[in-house]
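Okay, structure first, notes after.
When a ligand or atom number is given, it counts from 1 through the structure's own listing order. On a predicted model such as this, the values are computed, not experimentally measured, just so you know.
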Amino acid sequence: MPGPEEEIASLRREIERHNRLYYAEDAPEITDAEYDALFRRLQALEAAHPELRSSDSPTQHVGTAPTERFRAVRHTLPMLSLTNATAAEDVREFEGRIRRILELADDAPVGYVAEPKLDGLAVELVYERGRLLVGSTRGDGTTGEDVTLNLKTMATVPHRLEHSAAPPIPARLEVRGEVILTRAGFRKLNAERAERGEPIFANPRNAAAGSLRQLDPAITARRPLALFCHSAGAIDGAGFATHWDFLAALRQWGLQTNPLNRRCPDLAAAFEQYAALVAARDTLPYEIDGMVLKVDDLRRQEILGQVSRAPRWAIAYKFKPQQAETRVLDIVASVGRLGTLTPVAELEPVVVGGVTVRNASLHNMDEIMRKDVRKGDTVLIERAGDVIPYVVRVVKEKRVGRPRRFRMPRRCPVPGCGGHVVREEGEAAYRCINAACPAQLKSRIRHFASRGAMDIDGLGEKLVDQLVEHGLVRDFADLYRLDATTLAAMDRMAEKSAANLSGAIAASRRPDLDRFLYALGIRHVGEHLARVLAEHFRSVDAVLAADETALLEVAGIGPEVAKSVRAFADDPKNMAVVRRLLAAGVEPQAPAPASGGLAGKTFVLTGGLESLTRGEAERRILHAGGRVASSVGKSTSYVVVGADPGSKLAKARKLGVPILDEAAFLELLGDAS
Ligand code: IVH
């Protein structure tokens, strides 16, 4: 057993990692309940060992540092988190504390507003004189990310507040709320992603976060996001007596608040509302995971104040998770597109929250070890809303005998593969390294043919399976040698559909370059980055010949992507497939040459501009036909310098790259467009 010091250190590392996955990458590996368990364990250890406390422990701050993808926005007032209650008792204690601090008599009502706890992503909107100035994510609570342009694509985010006689619009209004994605929107989005072979989002919350934190607002605009406002930041020029009045004012100004918010005079009323929300939960078009109870009187809120991460005047009364016990019939490894082996528990079917659950992902080997799940064990399963079910824990008392631990197979379990399985240094995942692994091949072919890629209509999953199993397709290029007769010989293929498919394959021979790059299935290169690469390099050869430095000069391409593109191009097998595709007559089409006045010019931006956000500046450059790069190099045409420039300015001077201040930049834009 590790000592408390090591355990604390390891928990902190672990929690920081999950914070990063959850907040910055929108790709959590564990569920909220699992995260809470880690967090509580760390809190307990720190409480028991005060000498080991530290101000940079994740128990002392919220979220994770914002990413560098977006401009940083400092919140005037920190965006706090909420204390969780899991039982009515916790809520009574919450009221007890309030009564003591406010010195209220036992029969004096506290007065609350009860709101659904929306399972989304917290944002802050700043309106000055009624105009939306900036919108940001919570980030680490102090500093968030500028997602103004993305928020502006949402119908529930007014660009201007509506004037109302009473109350008048404040000079400055900072309002906070939750961005959510509907369940229907979530299902549709995931279905599309699955079809394209992209990783699916674990839950609507992550899908909402992923949708909002897009570099391209056009992508955000296509997602059915909605904002419900629920709290205030700093407000100049308006005073309210109660939270209820504040919510009513927001509606007057054209902002959306949740129709299920209720004013509750006392705890009894609040508990009734909780029961009503539990009953309504499954019928709502979006997910809620509890009820937030807030002291209504704003003067009382002020007196109550806050403890380190959360206000004393509010509590989140979480819903009980939907859980059930069942038995693990077996643990098997399933192989994904990139060869990753994911251990999956095959379960005795069990109904959880109205849905029959047959298997649950165990994520990776570390998870299995941590939870110590073994074949034959009885496990507790949880499903939250539409979320893929997961194993909460093993019911150890019910373990019979000494079942064997799961071992990751050394050879790929996919029939016809048997490739070596390796665990890469520093990674949790095990991967089959046989590039010809049929499971990988099948999903890579499906991805290649999918709508966002080569868009070959009629090449469905069953057909791909057969083509691979019969050895007719061993790589992408083989698709272009299939003729209608071969296709018609497959199961369930009529002659007509074989002819159609053969036509569709032929028609895919002139794809846009970005679709072609996306279709290749290069790790980390999704549709957006494929477009970025296509715009910048303009030919397959140029992309695959670019070295890491050249790749890093492209705006939006980070070290991970640059490495991955290089790794792809450095593998002779991949290059052979690309050559075979080109030899088969596939001719990727470069994007139409930019025609604006800045065509052929590459810009690097550093420091903050006064009149434009970073995103606006980039878009203006792109619209005028120019390119934006993230680092200064020989090919940079101009460096645009705003307030507090970084090291890029020095680099520009060293390389003799022309430097533009904001005025000169605007002039150039004006001339060019
Ligand atoms: S009030 C300091 N009201 O829950 C109080 N928050 O766990 C701040 N949330 O960061 C927020 N529904 O993103 C409030 N009706 C609601 C909410 C809500 C969801 C989120 C919010 C907050 C998180 C804390």
Side-chain angles (χ1 to χ4, degrees), residues 19 22-23 26 32-33 35-36 39 58-59 61-64 75-86 90 94 98 112-125 135-142 144-145 147 151 156 174-181 203-206 208-209 212 225-235 242-244 246-247 250-251 255-264 270 273-274 277 280-281 284 286-296 298 300-302 304-319 384-385:
N19 278 348
Y22 183 90
Y23 288 107
D26 306 321
D32 291 1
Y35 177 86
D36 288 347
F39 198 90
T59 54
H61 60 88
V62 184
T64 194
H75 305 301
T76 319
L77 299 174
M79 288 180 79
L80 300 176
S81 129
L82 291 165
T83 310
N84 285 338
T86 47
D90 302 335
F94 159 75
I98 291 174
Y112 298 103
V113 173
E115 303 175 4
K117 184 168 193 309
L118 303 166
D119 199 8
L121 165 84
V123 297
E124 179 173 77
L125 305 177
S136 57
T137 61
R138 176 166 75 172
D140 63 4
T142 310
E145 298 159 316
V147 286
L151 283 166
T156 43
E174 296 176 5
V175 60
R176 292 158 181 190
E178 210 72 6
V179 170
I180 54 137
L181 186 69
N203 53 51
R205 189 232 162 251
N206 293 108
L212 189 65
L225 298 167
L227 172 73
F228 286 107
C229 296
H230 56 50
S231 52
I235 302 180
T242 64
H243 179 60
W244 191 251
F246 167 68
L247 292 175
L250 293 180
R251 283 191 298 275
L255 291 157
Q256 176 169 251
T257 63
N258 197 289
L260 293 169
N261 294 345
R262 292 285 180 277
R263 205 172 205 178
C264 300
Q273 178 58 12
Y274 182 79
L277 288 176
R281 178 180 190 186
L284 297 178
Y286 47 82
E287 290 200 353
I288 63 175
D289 60 352
M291 178 178 90
V292 183
L293 195 59
K294 304 174 179 178
V295 171
D296 192 19
L298 295 182
R300 287 184 170 175
Q301 283 193 6
E302 204 175 313
L304 290 163
Q306 66 182 67
V307 281
S308 64
R309 323 163 79 230
R312 273 203 207 84
W313 46 262
I315 196 158
Y317 185 9
K318 300 288 278 275
F319 293 148

**Asked** Do any heavy atoms of K294 fall under 4.0 Å from ligand 1?
**Response** yes
**Item:** Check ion pair E287-R205 (N to O, under 4.0 angstrom)
**Value:** no
**Message:** To check your reading of the model: name the closest protein heavy atom to atom 22 (C) of ligand 1, its residue, and the distance in Å.
**Reply:** R138 NH1, 4.2 Å
**Whether P116 lies under 4.0 Å from ligand 1, heavy atom** = yes
**Request:** Look at atom 4 (O) of ligand 1 and say which protein heavy atom is nearest, naming residue and atom and giving the distance to 0.1 Å.
**Result:** K117 NZ, 3.2 Å
**Item:** For E115, the ligand 1 atoms whose distance to one of its heavy atoms is below 4.0 Å
**Value:** 3 (N), 15 (N), 16 (C)
**Message:** Is the ring pair Y317/Y274 parallel, tilted or perpendicular, if the boundaries are 30 and 60 degrees?
**Reply:** parallel
**Request:** Could you grab the distance from atom CE of M79 to atom CZ of R176, nearest 0.5 Å is fine?
**Result:** 5.0 Å
**Asked** To the nearest 0.1 Å, how far is atom 13 (O) of ligand 1 from its closest protein heavy atom, and which atom is that?
**Response** E178 OE1, 2.6 Å
**Asked** Among protein heavy atoms, which sits nearest to atom 8 (C) of ligand 1, and what does the distance come to when rounded to 0.1 Å?
**Response** S231 OG, 4.2 Å
**Message:** According to salt bridge (charged side-chain N to carboxylate O under 4.0 Å, His left out), who are the partners of E178, at least two apart in sequence or on a separate chain?
**Reply:** none
**Shortest protein contact, atom 19 (C) of ligand 1 (heavy atom only)** = L118 O, 3.2 Å
**Request:** Please name all residues satisfying salt bridge (charged side-chain N to carboxylate O under 4.0 Å, His left out) with R251, sequence neighbours left out, ordered by chain then number.
**Result:** none
**Item:** Rounded distance (nearest 0.5 Å) linking atom CG of L121 with atom CD1 of I180
**Value:** 11.5 Å
**Request:** For L80, take its heavy atoms, then give the atoms of ligand 1 lying under 4.0 Å from any of them.
**Result:** 2 (C), 10 (O)
**Request:** Just need the protein heavy atom nearest to atom 5 (C) of ligand 1, so name the residue and atom and give the distance.
**Result:** L82 CD2, 3.6 Å
**Prompt:** What is the nearest protein non-hydrogen atom to atom 14 (C) of ligand 1, stated with its residue, atom name and distance?
**Reply:** H230 ND1, 3.4 Å
**Asked** Looking at ligand 1, does P311 have a heavy atom less than 4.0 Å from it?
**Response** yes
**Message:** Under a plain distance cut-off of 3.5 Å, with no hydrogens placed, do H243 and Q301 share a side-chain donor-acceptor pair?
**Reply:** no
**Request:** Enter the distance from N261:CG to E115:CD here, rounded to the nearest 0.5 Å.
**Result:** 4.0 Å
